[in-house]
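Just below is one structure, and these are the notes that go with it.
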Amino acid sequence: MITTQELRQKYLDFFKSKGHAIVPSASLLPDNDSSVLFTTAGMQPLVPYLVGEKHPLGTRLASVQKCVRTSDIDEVGDNTHLTFFEMLGNWSLGDYFKTESIAWSWEFLTNPAWLGIDPGMLAITVFAGDAVAPKDEESVQLWKNLGLNENKISYLLEDNWWQLSDKNSPCGPDTEIFYYVGSGQPEPASNPKDRPQEWVEIWNNVFMQFYKDEAGTCRPLVQKNVDTGMGLERTCAILNGFKNVYQIETFQAIIKTIENCSDHNYGEVPELDRSFRIIADHLRAAVFIIGDPRGVEPSNLDQGYVVRKLIRRAIRHGKLLNILENFTINIAQKIIEQYQAAYPELIKNQEKIIAALTQEEDRFRQTLEKGLKQFLKISATFSANQLISGSAAFNLYETYGFPLEITKDLAEEKGYHVDEAEFNQQFEKHKELSRTATVGKFKGGLADHSEVVVKYHTACHLLNQALRLVLGEHVAQRGSNLTEERLRFDFSHPTKMTVEEIKKVEDIVNEQIKKDLPVSFQEMTPAQAKADGAHGVFEEKYGDLVKVYAIGNFSKEICGGPHVTNTGTLGHFKIIKEEASSSGIRRIKAILE
Ligand code: SER
């Protein structure tokens, strides 16, 4: 039996022994990122370094990264899919390439001193070749050199190409390692290409040597990188001979706690097992999102809406297990207990997590029964195979707080479908009207490092300092979001800004732009950065050393970059909106003209 804690440690120890620096997990909520709600892969916080910035900890890195992928939410409850998961990863930033990457993966997996997996249970896929990159015969040769049999290596096209999104993304061909989950030993004819149901992917080694630009065209990157990712829960399950991820020790403890709240037991009825699994998965994700150093609470906006969906869906599945009283905080306490050693932020933010769950559960339970009755009323008017209209689903959302996923679950149980396109139309219309809700931005994407966005990033630093000068030292950044069109900046301040204050801030920023101040960075420890007067609430995201960006003598902030080299290129800065974001937090939208 190997626990997740042991696997985490082994992985990091192995890559430390190969000269890698360990990077702590970055926040689940990406910073300065317009196109993505959550961190979906270990490489995401490292994008600036994959495209050429110098990382303070060097060119070989390894991490265990907290990730959330909500695009798989409908699959949750099967044997392998999770919304929250931990990704083990190692990176070469223009350092080693295919030879070492493949050899080390093999050594870690098969050497008895490390995981000691039987090589006969493993198979490989490699990139089949296209107009951008050739058939990856080089990797095939490297696998063969390690003793892998030819019939265990297959060529695939789409599956062996990895990118975070289809534009503005580093990318490249990959080679993936699969573990056999069929019965007995794999037959010679069995491989992941021909019999995918017998194999589970455990590790992906991406040879990240291209960049897909705005138009989707690939060009070589300045450096050849390696980016690997291995799912902790999946690999731990496989090492223990488990058939599904819910058998790992942390999930077992969580499921036991759910059993204590229910009069059903796990393992009795397959349909109910799915509900146990969904509750365990969804509440684990919600606890990690709320408890993140940059955590968000349930709301109708962006990440907050995802948290709301996860919690409400867990409560609905709780009802299927006859759990009629508030229970989410009992489960959350078990989750915190299981993960506090690896993620101390959960214990630090325990009160916040409990308060948010209690409030959300109280709220949802107030309308759950009525909403379920309303659903029955609607569904009685349809015969099987008919669609539940988008407006009926939207009414359940608006009046009873049913996220689309709940209505879809209920519909499926009756053999109905929901007109999702119409629901989304109504949702968009509602968003326009209320300007508060957002849905649909759940897929993976990438921080945009286009020239314009980089300018907005530098403008954020100027704005931050200008606000402090005009409003006072209590101003602290609470979030930001950049697009090609504008910047959005959230900060702590109790009252609405006056017209004069807004004007003063604009003038100060424009003065600094006119001065054409140089922008540069220095690497130092967080303690030095603090002593040096740098601002920033940046948890130890980059390990021992942080970058401090200085804009002339005007501003100093801890930040990963990238930035322009001189402020003169920014143009004219103008605040187009100042509004409340939440209690005690103001939001500014500004443009560069
Ligand atoms: N970026 C790749 C993945 O997410 C490898 O880390 O699978």
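Just follow the structure's listing: the first ligand is 1, and inside any ligand the first atom is 1. Every value quoted in this text rests on a predicted model; they were computed, and no experiment measured them. When reading the values below, keep in mind they use all heavy atoms of this one structure, side chains included, and skip hydrogens, waters and symmetry mates. Positions are given from 1, in the same order as the sequence printed here.
For ligand 1, the 4.0 Å heavy-atom shell contains residues A41, M43, R69, M87, W162, N204, V206, D227, T228, G229.
Between the side chains of Y96 and N90, at least one donor N or O sits under 3.5 Å from an acceptor N or O. Judged purely by distance below 3.5 Å, without hydrogens or angles, the side chains of H81 and D281 never pair a donor atom with an acceptor atom.
Aromatic ring orientation, W104 versus F15: perpendicular (interplanar angle above 60°, classes split at 30° and 60°).
For the salt bridge (Lys or Arg N to Asp or Glu O under 4.0 Å) with E405, the qualifying choice from R313, K309, R308 is K309, the only one to do so.
Residues in residues 89-109 take part in these salt bridge (Lys or Arg N to Asp or Glu O under 4.0 Å) pairs, two or more places apart or across chains: K18-E107, R60-D95, K98-D136, K98-E138.
The cationic group of K135 lies under 6.0 Å from the six-membered ring centre of Y155 and within 45° of the ring axis, placing it in a cation-pi geometry.
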